[in-house]
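To start, the structure itself, in structure tokens.
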Amino acid sequence: MKNNSQEKNKLESVYQPAQTEAKWYRYWEESGCFSSENNKEGEPFCIVMPPPNVTGQLHMGHALNNAIQDILSRWRRMQGRRVLWLPGTDHAGIATQARVEEHIAKDGLSKYDLGREAFLAKTWEWKERYHGRITKQLRTLGCSCDWDKERFTLDEGCSEAVRQVFVELYNKGLIYRGSYIVNWCSKCQTTISDIEVEHEERAGHLWYLRYPFADGSGFVTVATSRPETLLGDTGVAVHPEDERYRHLLGKELLLPVMNRRIPLLADEYVSPEYGTGAVKVTPAHDPNDYEMGLRHDLPRITVIGRDGKMTEEAGKYAGMDSLECRAKLVEEFAALGLLDHIEGISHAVGECYRCSTTVEPLVSPQWFVRMKPLAQPAIKAVKSGDIRFVPDRFSKIYLGWMENIRDWCISRQLWWGHRIPVWYCGDCGEVICQKNEPEACPRCASRTLEQDPDVLDTWFSSALWPFSTLGWPEETEDLKRFYPTDVLVTARDIIFFWVARMIFSGLEFMREKPFADVFIHGLMLDAQGRKMSKSANNGVDPIDVIEKYGADALRFMLVTGNTPGNDLRFAEERVEAARNFINKLWNACRFAYMNLGDYQPGAQEPALTLADKWILARLNRAAGLCNSNLERYELGEAARALYDFLWDEFCDWYVELAKPRLYQGAPQERHAAQFMLAEVLSQSLRLLHPFIPFVTEELWRHLPGVEASIMLAAYPQAGPQQYAAEEAGMQLVMEIVRAVRNIRMWLGVPLGKKVELVLFARAEAAAIIQECGSYITLLAQASSLSLAAQGEPPAQAGAAHVRGVDIYVPLKGLIDIEKETARLEKELAVCDAELQRLAGKLNNEGFLAKAPPEVVEKERAKLPEYAAKQKSLSERLQMLKR
RNA sequence: GGGGCUAUAGCCCAGUUGGUUAGAGCGCUUGCUUGACAUGCAAGAGGUCACUGGUUCGAGCCCAGUUAGCCCCACCA
């Protein structure tokens, strides 16, 4: 190493993430570490990022989503794959347009004041601003995406893909235009699709209203939750089998107020049990009534307009707000003696997912995608396992939806979005659907053509994201190389909106699935377990957390202590725990680097001690667990394996054992310890890098012999497990040390005060103690250790028994007989219970006959150990009682 | 109405195909300026794994049912 190691290895005692993180992100990005053009020979690995909305900022859900993707990307990259993690943003039609409208409203302007062109220009400005913000935030999180290939759902390429898809579907008859009942949001002034309607349980009323027969022979009472729609009633329906009404079928009723003659008809849809068993039918304002209207050929009378006000068809109520009309109408019914009674009910009301305005079912001409034919292959792909949901249970949710799919209303009465590529001829009425603007009508050559004013649902372009971003419809290299992508990482609330639509779009246009795996993670909840939302104002800004604890700590917290698919509560103390772990790693390295100043890497392979072999075995095990769990998307388990290894094994035991070798050891011993520290940390840093990229990069650069980024280093793979004997040996050492520490604690002998140790052991245990005596004296803070096969136990001593080893800590004058007796009795009780359990098992014929031999053997092997312990402890107790 | 999820230590959660004495973290108790770290070290206390049955030699884990909570879907006006 040419670097001045003294200078290089000076580290603060507490890790300060802020500077470090900014520094390394800049370095990575500038040096092109994230580029998918690197490592051209590597097997491709591709993730397309779920594009965050340009109107918005990074929230905890994004942080979780992108942390997961980054971990997978970094891991695969270090494994040697050619990784493309493709970033992008979404134009988010309704959301963005609504925000811009709010913004200009502050100046007293509406979008109509500006006009379409100017309004869109404003929206683009807005997009630039928020786009910059959110991509900066993704960088702050540490996302290693290939920014050179960043896309936007409204960019030229994606727009072309959208037009291509629309035209193809149109030509195949899979897109059609028609007047159907759709969900209308009068605030957003647009239709929304069925899944954009949220059903909210609300308290409401059921008004029982009397509709007289036209011939004056009494009346039928109907129940309705929306009296204002009755102005558009064109029938009353009852169940055909309903005895109460059967004889009245075919008679005419006189719709009050409007004095319109409407039929009493029979329809299976009506439930005789509900209300009065008679339903008013308003085909223009209720989806069910719409269907009934079709069946019975009833007229559709639109009485509520797009502005939420009553139309001319509403007669004297025209122009009135619909809710006001409701009140007035009920009054009028009451005055006419036609209000039977009012009942309080609770019912589901449809609301706009964006603005929570109650949706108004309206009949209007809209564009739809015919879903049934597209759903079939999409169902098959998941059923056959070609596309795999992780966790698997989400495939059920997906399939349930796909199998009951309904046509998708894709037109939106907005300006911000992909314009529908359809033109209408002003002269002959021809409908022209093509990718580019036609010059003239192909039928009548007229030049008075007008483009459909509507734009497409945002999700129409999102549905194409896995291939439009790779260049489709062009046959680009990236498309060939990276499609189908490897995994889609997304939250479970978006399966219908997005995942499902990508699947059928990919299958239809690429003839191949868009991704192999769909990894679904849960939602971010606040500390109390409530969904984080703007309205509840309980969101925690990830950027605030990063400023306080660092991006590494946030990332680590997000992927640990949680199971795939389950929702995750945000808890600050868990971020602290993650921060502490990072600091622990920092200090472990700091310790090593303080002692590596004179280390010559690669000088010679040192002779390994038992502890060395033990830590290598444990490291190997941790690497195996980490990799296998990452393969299965068990990121939390993978991280935990590393956490446990580093803290509980490396720091708590190995580092302590290395100290005497470093401080007092002979040159070869010091060198061996240095070699081991460097080796274990080198692997640990690499294993941890995907989870906590910044701190590991910083520490990596201080490692002797290292000059390049950790991102270019190989990810450690687990080799075959070896050193089983050393693992068992170290296990024994640790148990003996714990036993001694336990005695000291009970008897109030602090670690600062040295004690003598007397051990009785035979055979292998004796050999191990022989070899590792120095470990034991060091870790148990003993002044001496005497080992014999057996002997006279010291009288004034604390005692314990571990795996055939009798342990005594002579403490003249410090033994409190009562305390010691209590301690031993407690130990003995545990031992007795275990022996009893073992005996029960080993006397069970069924167990012996049916359990696998290795399980039986394992249990049998414990028997002598516990028996010895029991014997030792009870003898000791008897001695004390004398 | 249909479907899904959750129920494990005081709190927040792990526990991967059934098989050591059910584990972390936080909190709690006790003791520590241990030549990396008090964002630390050591030793502890704390669990009838929601309930009831079943399958099995063996169940926190599998099956059935019950209870409680959360979520999604659904056209009963």
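Small disclaimer: the values here were computed from a predicted structure and weren't measured. Keep in mind that the numbers below use all heavy atoms, side chains included, and drop hydrogens, waters and symmetry copies. Chain letters run A, B, ... following the sequence lines, proteins first, then strands; residues in each count from 1.
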### Query
Touch check for A:Val222, heavy atoms < 4.0 angstrom, all strands: base, sugar-phosphate only, or nothing?
nothing

ask   = Reckon A:Ala571 touches a base, only the sugar-phosphate, or nothing at all at heavy-atom distances under 4.0 Å?
value = nothing

Check your understanding: In whole Å, what separates the C1' atom of B:G58 from that of B:G19?
Key -> 7 Å

Classify A:Phe650 by what it touches in the nucleic acid, base, sugar-phosphate, or nothing, heavy-atom distance under 4.0 Å. nothing

B/S/- along nucleotides 37-48 of chain B (protein heavy atoms under 4.0 Å) is B-BSSBSSS---

Open item on the list: I want to check one thing: is the phosphate of B:G15, taken as OP1 and OP2, less than 4.0 Å away from some side-chain N or O of A:Thr563?
Closed with: yes

query = Quick one: is B:U34 close enough that its OP1 or OP2 comes under 4.0 Å of any side-chain N or O from A:Tyr663?
reply = no

Any A:Arg569 side-chain N or O less than 4.0 Å from OP1/OP2 of B:C13
yes

From CZ of A:Phe591 across to P of B:A36 the rounded distance in Å is 6 Å

- Query: Within 45° of the six-membered ring axis of A:Phe591 and under 6.0 Å from that ring's centre, is NZ or CZ of A:Lys659 located there?
  - Reply: yes

Margin query: Can you confirm whether A:Leu779 sits close enough to A:Glu656 that some side-chain heavy atom of one is under 4.5 Å from a side-chain heavy atom of the other?
Written below: yes

Q. Got a salt bridge between A:Lys862 and A:Glu859, using NZ or NE/NH1/NH2 to carboxylate O under 4.0 Å?
A. yes

Less than 4.0 angstrom from a charged side-chain N to a carboxylate O is my criterion; do A:Asp567 and A:Lys531 meet it? no

C1' gap between B:G4 and B:C49, integer Å = 22 Å

I'd like the C1' distance from B:C51 over to B:U6, given in whole Å. 15 Å

Practice item. Give a yes or no on whether a salt bridge exists between A:Glu228 and A:Arg226, defined as a side-chain N under 4.0 angstrom from a carboxylate O. Key: yes

Taken to the nearest whole Å, CD/A:Glu268 to C1'/B:A77 is 17 Å

Which part of the nucleic acid, if any, lies within reach of A:Gly400 when heavy atoms closer than 4.0 Å are counted: base, sugar-phosphate only, or nothing? nothing

Check this for me: does any side-chain nitrogen of one of A:Arg295 and A:Asp267 sit under 4.0 Å from a carboxylate oxygen of the other? yes

Between CD of A:Glu845 and P of B:U56 the distance, given in whole Å, is 18 Å

(message) When the P atoms of B:G44 and B:G23 are compared, how many Å lie between them, rounded to an integer?
(response) 14 Å

task = Classify the angle between the aromatic ring planes of A:His341 and A:Tyr208 as parallel (below 30°), tilted (30 to 60°) or perpendicular (above 60°).
result = parallel

Here the residues of residues 271-281 of chain A within 4.0 Å heavy-atom distance, strictly under, of RNA chain B are A:Ser271, A:Tyr274, A:Gly277, A:Val279

A:Tyr398 atom OH is separated from B:C5 atom C1', nearest whole Å, by 21 Å

To the nearest 0.5 Å, atom CE of A:Met557 lies from atom CZ of A:Arg574 at 4.0 Å

| Under 4.0 angstrom, heavy atoms only, what part of the nucleic acid is A:Asn566 near: base, sugar-phosphate, or nothing? | sugar-phosphate

Encoded 5' to 3' (Watson-Crick or G-U under 3.5 Å; [ ] crossing; | other strand), RNA chain B becomes (((((((..((.(.....[...).)).(((((.......))))).....(((((..]....))))))))))))....

On the side chain of A:Gln664, is there an atom forming a donor-acceptor pair with the base of B:G35 - under 3.5 Å, no angle test?
yes

Q) With a non-hydrogen cut-off below 4.0 angstrom, is A:Ala851 in contact with a base, only sugar-phosphate, or nothing? A) base

Separation of B:C13 atom C1' from A:Leu635 atom CG, nearest Å, is 16 Å

A:Asp648 atom CG is separated from B:G23 atom P, nearest whole Å, by 14 Å

* To do: Sticking with atom P, work out how far B:C61 lies from B:U55, rounded to a whole angstrom.
  => 15 Å

| said: Would you say A:Arg492 places a side-chain N or O within less than 4.0 Å of OP1 or OP2 belonging to B:G4? | reply: no

Base, sugar-phosphate or nothing for A:Arg860? Non-hydrogen atoms, less than 4.0 Å. nothing

Measure the acute angle between the ring planes of A:Phe519 and A:His521, then classify it against the limits of 30° and 60° as parallel, tilted or perpendicular.
-> perpendicular

Discussion item. Students often mix this up, so state it plainly: with edges at 30° and 60°, are the rings of A:Tyr211 and A:Phe333 parallel, tilted or perpendicular?
Written reply: tilted

